[in-house]
Colleague: 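Once you've had a glance at the structure underneath, I'll fire off some questions.
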Amino acid sequence: MSQKLRHEQILHILEARGFVTVRYLTEALQYSSATINRDLNALQNVGLVKRSYGGVEAAKRAHLPAFIQRQFYMKKEKRCIAKAAAALVKEGETLFLSGGTTVQHMAPFLVQKKPARVITNNMHLAIDLAEGAFEVICLGGTVTEKPYVLAGETTIEQALYYQPDKMFFSVEAVTHEGLIGGHNALLRIMQKSSTEVWLLTDRTKLCRHVSDVLFDFSALTGVIADYPFPDELKTRYPSVQFLLLDPAAQTLSQKE
C-alpha cells in the first residue's frame, strides 16, 4: 500500500470512528507502528489530524480547509457522487464544471463519455480531462485557491461567452432550508447561463446557517447527495430532482 493510500485509509477510519489508538491503526492497516507514526506525523503537519497521548483524532475544522487538504475528505463519497453526476451527461453537450474538489472527481468518468466541450476554472481538472476526445477549455484568471483554482474578473469575462447545457458545482455549505452558501461570482454567472444546474454535495457540507447566500434551491435542476434532505425541503422545491446516493453500494438508491 502506498503512503498516499495509507493516508486516505487513516482519514477514512478517523471519519468513521473519531479517536483511535496507534495500535488500532497498526492492526487495521497491517503496518508497523513506526510506519503508522510517520504517517500520522505527516498528516498532523498539514493539519489533517491531531495527535494526543496514545492516539489520534481528525483535526477540528472551524473553517473551510485549504483546497489541497479538502481533497482528502470524504473521498469515497465524493467519487461516488461524481460518478453519478457523470452518468447524467449526454453525447454532444457543453458542460461547465466548477473548481470544487467533488466535481474534480468527475474527470475519469467523463473521459469515457462524449460531451462536445467541457469548461472549467480548475487547472488540475482541465489537465485530467485532456485525455478525453472532446474540447477542454480552462478559463483564465488569478489563482485564488492554490494550487489549481482560478477566479477573478478575467475568469468571469471569459465565462460570459458560454451557455452550457449542464453545470455541475459543489460548495462549502448547504442548509436544510435549501440555502447554498458562498459568494462565488463565477457560479452566479454560470447558473444563469446554464440550461441545467446540478449541485454535488456530501453530508459534511450540511449546516444550520450560512453567512453569505449564493442562491437557493430554486436555482437548481437537481441535487446529488449522500444524505436525504427533509421532506419539507422537497415540498418547498417541487421542481428540483433529489438524487440520493448510497456510498456503500455506490449507486443511486432513490430518485425523485
Side-chain angles (χ1 to χ4, degrees), residues 4-5 7-9 11-12 15 64-65 67-91 93-134 136-139 145 148-149 164-174 180 182 184 186-187 190-191 194 196-206 220-229 240-255:
K4 181 179 179 181
L5 184 55
H7 287 183
E8 292 175 3
Q9 293 277 31
L11 291 170
H12 181 72
E15 284 279 355
L64 189 67
F67 184 91
I68 200 69
Q69 296 182 32
R70 297 205 312 276
Q71 294 180 102
F72 285 100
Y73 300 146
M74 305 293 287
K75 190 169 184 178
K76 178 182 177 181
E77 289 80 0
K78 289 178 178 180
R79 181 176 173 83
C80 292
I81 291 168
K83 182 178 180 180
L88 298 173
V89 175
K90 298 178 181 178
E91 183 175 347
E93 290 185 321
T94 294
L95 312 176
F96 171 73
L97 307 183
S98 77
T101 57
T102 304
V103 176
Q104 187 170 288
H105 285 282
M106 290 179 68
F109 306 110
L110 281 178
V111 295
Q112 304 166 23
K113 309 282 285 188
K114 295 182 179 179
R117 174 189 293 164
V118 178
I119 305 155
T120 184
N121 62 318
N122 182 321
M123 292 186 288
H124 189 281
L125 180 56
I127 292 170
D128 287 345
L129 289 172
E131 299 178 24
F134 47 82
V136 179
I137 298 171
C138 188
L139 301 174
E145 282 199 86
Y148 308 129
V149 181
D165 295 297
K166 288 187 173 77
M167 166 184 174
F168 297 95
F169 75 106
S170 55
V171 292
E172 62 187 80
V174 179
I180 300 170
N184 190 314
L186 176 62
L187 294 183
M190 298 312 291
Q191 179 272 322
S194 299
E196 294 186 16
V197 180
W198 290 87
L199 170 65
L200 314 185
T201 187
D202 62 70
R203 59 185 179 273
T204 64
K205 310 295 180 60
L206 195 62
L220 304 179
T221 302
V223 183
I224 305 176
D226 67 339
Y227 59 87
F229 282 96
V240 178
Q241 298 180 56
F242 290 87
L243 307 187
L244 174 61
L245 182 77
D246 179 1
Q250 300 190 27
T251 59
L252 291 171
S253 60
Q254 176 180 321
K255 185 170 182 178

Colleague: Does any N or O in the side chain of Lys113 come within less than 3.5 Å of the main-chain N or O of Val89, such that one atom is a donor and the other an acceptor?
Modeller: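 Yes: the side chain of Lys113 pairs with the backbone of Val89.
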Colleague: Given 3.5 Å as the limit, does a donor-acceptor pair link the side chain of Thr102 with the main chain of Leu200, or not?
Modeller: no
Colleague: Would you check if there is a donor-acceptor pair between the side chains of Lys78 and Thr101 at a distance under 3.5 Å?
Modeller: yes
Colleague: Could you work out, with side-chain contact (heavy atoms from CB on, under 4.5 Å) as the rule, every residue matching Leu206, not counting sequence neighbours?
Modeller: His176, Tyr227, Phe229
Colleague: SG/Cys138 to NE2/His124 distance, rounded to the nearest 0.5 angstrom?
Modeller: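 Here the interatomic distance stands at 12.0 Å.
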Colleague: Would you mind reporting whether Thr201 and Val223 have side-chain heavy atoms less than 4.5 Å apart?
Modeller: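 Yes - at least one pair of side-chain heavy atoms lies under 4.5 Å apart.
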Colleague: By the definition side-chain contact (heavy atoms from CB on, under 4.5 Å), identify the one residue from Asp165, Ile137, Val103, Leu139 that meets it with Phe96.
Modeller: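 Only one of Asp165, Ile137, Val103, Leu139 forms a side-chain contact (heavy atoms from CB on, under 4.5 Å) with Phe96, namely Leu139.
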Colleague: What distance separates Phe242 CZ from Leu199 CG, expressed to the nearest 0.5 Å?
Modeller: 9.5 Å
Colleague: Is Pro115 close to Lys166 at the side-chain level, that is, under 4.5 Å between some pair of heavy atoms?
Modeller: no
Colleague: I'd like to check Leu95 versus Ile119 (side-chain heavy atoms, cut-off strictly below 4.5 Å). Are they in contact?
Modeller: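 No, too far: nothing below the 4.5 Å cut-off.
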Colleague: Has the side chain of Asp202 got a donor or acceptor atom that lies under 3.5 Å from a matching backbone atom of Glu77?
Modeller: no
Colleague: Which heavy atom of Gly100 sits nearest to which heavy atom of Asn122, and what is that distance?
Modeller: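 Between these two residues, the closest heavy atoms are O-ND2, 4.5 Å.
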Colleague: For a quick test of reading the model, state the closest non-hydrogen atom pair linking Ala86 to Phe109 and the distance between them.
Modeller: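 Scanning both residues, the minimum pair turns out to be CB-CB, 3.6 Å.
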Colleague: In Å and rounded to the nearest 0.5 Å, what is the CE to CG distance from Met190 to Leu97?
Modeller: 10.0 Å
Colleague: In the structure I gave you, are the side-chain heavy atoms of Phe134 and Leu129 within less than 4.5 Å of one another anywhere?
Modeller: yes
Colleague: Indicate yes or no for a side-chain donor-acceptor contact from Lys205 to the backbone of Val171 under 3.5 Å, with no hydrogens or angles considered.
Modeller: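 Yes.
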Colleague: Please report the closest heavy-atom contact between Thr120 and Ala126, naming both atoms and the distance.
Modeller: CG2-CB, 3.9 Å
Colleague: If you define the side chain from C-beta out and look only at heavy atoms, does anything of Leu187 sit under 4.5 Å from Ser98?
Modeller: yes
Colleague: So does Val197 get a backbone contact from the side chain of Thr221, meaning a donor-acceptor N/O pair under 3.5 Å?
Modeller: yes
Colleague: Would you confirm whether Ser194, through its side chain, and Glu196, through its main-chain N or O, come within 3.5 Å as a donor-acceptor pair?
Modeller: no
Colleague: Kindly indicate whether the side chain of Leu243, heavy atoms from C-beta on, has any atom under 4.5 Å from the side chain of Trp198.
Modeller: yes
Colleague: Indicate yes or no: at least one non-hydrogen side-chain atom of Ile127 is less than 4.5 angstrom from one of Val136.
Modeller: no
Colleague: State, with a plain yes or no, whether a side-chain heavy atom of Leu220 is found less than 4.5 Å away from one of Ile180.
Modeller: yes
Colleague: Just how far is it from atom CD of Glu172 to atom OG1 of Thr204, taken to the nearest 0.5 Å?
Modeller: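 That separation rounds to 11.0 Å.
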Colleague: Write down the atom of Lys90, the atom of Glu93, and the distance for their closest heavy-atom approach.
Modeller: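 Closest approach of Lys90 to Glu93, heavy atoms only: N-OE1, 2.9 Å.
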